[in-house]
Amino acid sequence: MRGWLAEAGDAVGGVFFPAGYRICDKLLVRASRVPFCEECLASFEAPLEKKCEVCGQSLAWMAVREGEPLVCRACQQKTYAFERARSFGIYDGALVRAILILKWERMEPLGVWFADRLAEMAGREEDRLAADVVVPVPLHRDRERQRGYNQAGLISKPLARRLGLPHKAVLPMRTRARPGKQVLTLEDRWESVRGAFATRPGSQVDNKCVLLVDDVMTTGAMLDACARALLESGAKSVLGLTIARAARNPLPTPDSGNL
């Protein structure tokens with residue numbers, strides 16, 4: 001009976017609200033808090049199993065040497081301050097549209113759906129992704145005031161609940177706003193976040209492993225800069241989880257510093 005009622009409710013929703021699924025625009029045939037069809041959700045491309053042990057970058061081209069960890073060039077050069085980072089999918093196709101909907105439309109059920117996927121990832125790598133506290137990468141206060149929310153927090157809060165960990169949204173803060181221009185070069189990305197984060201006075205991070213959460217990891221500069229601020233305040237280590245990862249992981253030039 002319960003299943004029949006659920007199907008009936010979906011059918012009624014389809015009759016009275018004949019909208020389209022948000023990614024593929026096919027007719028919405030069932031009521032859902034996340035208006036994406038199963039095919040679109042299943043189309044999100046996962047990173048390759050063959051990936052960097054540190055940052056999670058796909059390394060299909062790199063030869064595996066027995067007994068040696070698989071580490072990308074950026075992590076061989078110890079580019080990042082975080083200990084490890086992982087992403088649910090590759091920033092491409094349908095996943096891009098889904099992230100933009102989350103980012104600009106504050107679709108909280110979608111944030112929960114992504115949090116569930118990240119929690120599953122954390123469970124699969126429990127020995128490598130164990131943390132003490134969950135923290136979203138912060139927006140600058142002017143940007144958050146303008147938008148009304150931080151999209152990273154739409155993921156991190158339900159993720160903390162799933163993992164049974166404290167959620168500290170106000171632990172770090174961004175002290176310098178992002179440059180006004182829309183398109184940033186690789187060097188701009190690293191320079192724009194250099195020293196742009198700090199922890200709030202009185203923040204308790206001493207000897208804690210912090211799980212940083214964001215929507216997209218492009219170069220890793222954002223996670224790196226935020227991780228450095230947390231480590232300088234006494235955090236034992238910093239891990240990163242994001243919904244998506246850029247397919248390529250370019251290094252900063254020597255002039256950009258070893259961020």
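Position 1 is the first residue of the sequence, and the numbers go up from there. As a basis for the values below, the full set of heavy atoms in this structure was taken, side chains included, without hydrogen atoms, waters or symmetry mates.
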- Message: Just checking Gln76: does its CD atom have more than 12 heavy atoms from other residues, nucleotides or ligands closer to it than 6.0 angstrom?
- Response: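 Atom CD in Gln76 is crowded, with more than 12 foreign heavy atoms closer than 6.0 Å.
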- Message: Looking at Glu68, I want to see if its CD is surrounded by more than 12 non-hydrogen atoms of other residues, nucleotides or ligands under 6.0 Å.
- Response: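 Atom CD in Glu68 is crowded, with more than 12 foreign heavy atoms closer than 6.0 Å.
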Count I, L, V, M, F, W, Y as connected when their side-chain heavy atoms are under 4.5 Å apart, and connections chain through other members. Are [X] and [Y] then in the same cluster?
| X | Y | value |
| --- | --- | --- |
| Ile99 | Leu241 | yes |
| Ile23 | Val112 | no |
| Val54 | Leu211 | no |
| Phe88 | Leu100 | yes |
| Ile155 | Ile101 | yes |

- So, does Asp215 use its side chain to make a donor-acceptor pair with the main chain of Ala152 at under 3.5 Å?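 Not a single qualifying donor-acceptor pair exists.
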Quick one: [atom1] on [X] to [atom2] on [Y], what's the gap to the nearest 0.5 Å?
| X | Y | atom1 | atom2 | result |
| --- | --- | --- | --- | --- |
| Lys51 | Cys72 | NZ | SG | 13.0 Å |
| Arg143 | Gln146 | CZ | CD | 6.5 Å |
| Lys168 | Lys208 | NZ | NZ | 8.5 Å |
| Leu212 | Leu230 | CG | CG | 5.5 Å |
| Glu45 | Leu95 | CD | CG | 9.5 Å |
| Leu159 | Leu165 | CG | CG | 8.0 Å |

Any side-chain heavy-atom pair from [X] and [Y] closer than 4.5 angstrom?
| X | Y | result |
| --- | --- | --- |
| Leu70 | Lys50 | yes |
| Arg245 | Val216 | no |
| Asp116 | Arg162 | yes |
| Pro136 | His167 | yes |

- Please identify each residue that fulfils ring-ring contact (aromatic ring centres under 6.0 Å, His included) with Phe82, with sequence neighbours left out.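 Checked Phe82 against ring-ring contact (aromatic ring centres under 6.0 Å, His included); matches are Tyr80.
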- Message: Suppose we screen for side chain to side chain contact (heavy atoms under 4.5 Å, CB included). Which residues come up paired with Leu231, at least two apart in sequence or across chains?
- Response: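 Checked Leu231 against side chain to side chain contact (heavy atoms under 4.5 Å, CB included); matches are Ala81, Ala235, Val238.
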- Residues in side chain to side chain donor-acceptor pair (under 3.5 Å) with Glu232, at least two apart?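 Scan of Glu232 (side chain to side chain donor-acceptor pair (under 3.5 Å), adjacent residues dropped) gives none.
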- Take Arg124 and Glu126, measure what salt bridge (charged side-chain N to carboxylate O under 4.0 Å, His left out) needs, and give me the verdict at the end. CA-CA 6 Å; Arg124 288 193 296 269; Glu126 188 174 2; over 6 Å; no
- Item | Electrostatic pair Arg117:Glu120 at N-O distance under 4.0 angstrom |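 Judged by the 4.0 Å cut-off on N to carboxylate O distance, Arg117 and Glu120 do form a salt bridge.
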- Query: Hey, is Arg84 close enough to Glu53 for a salt bridge, meaning N to O under 4.0 Å?
  - Reply: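 Glu53 and Arg84: not salt-bridged.
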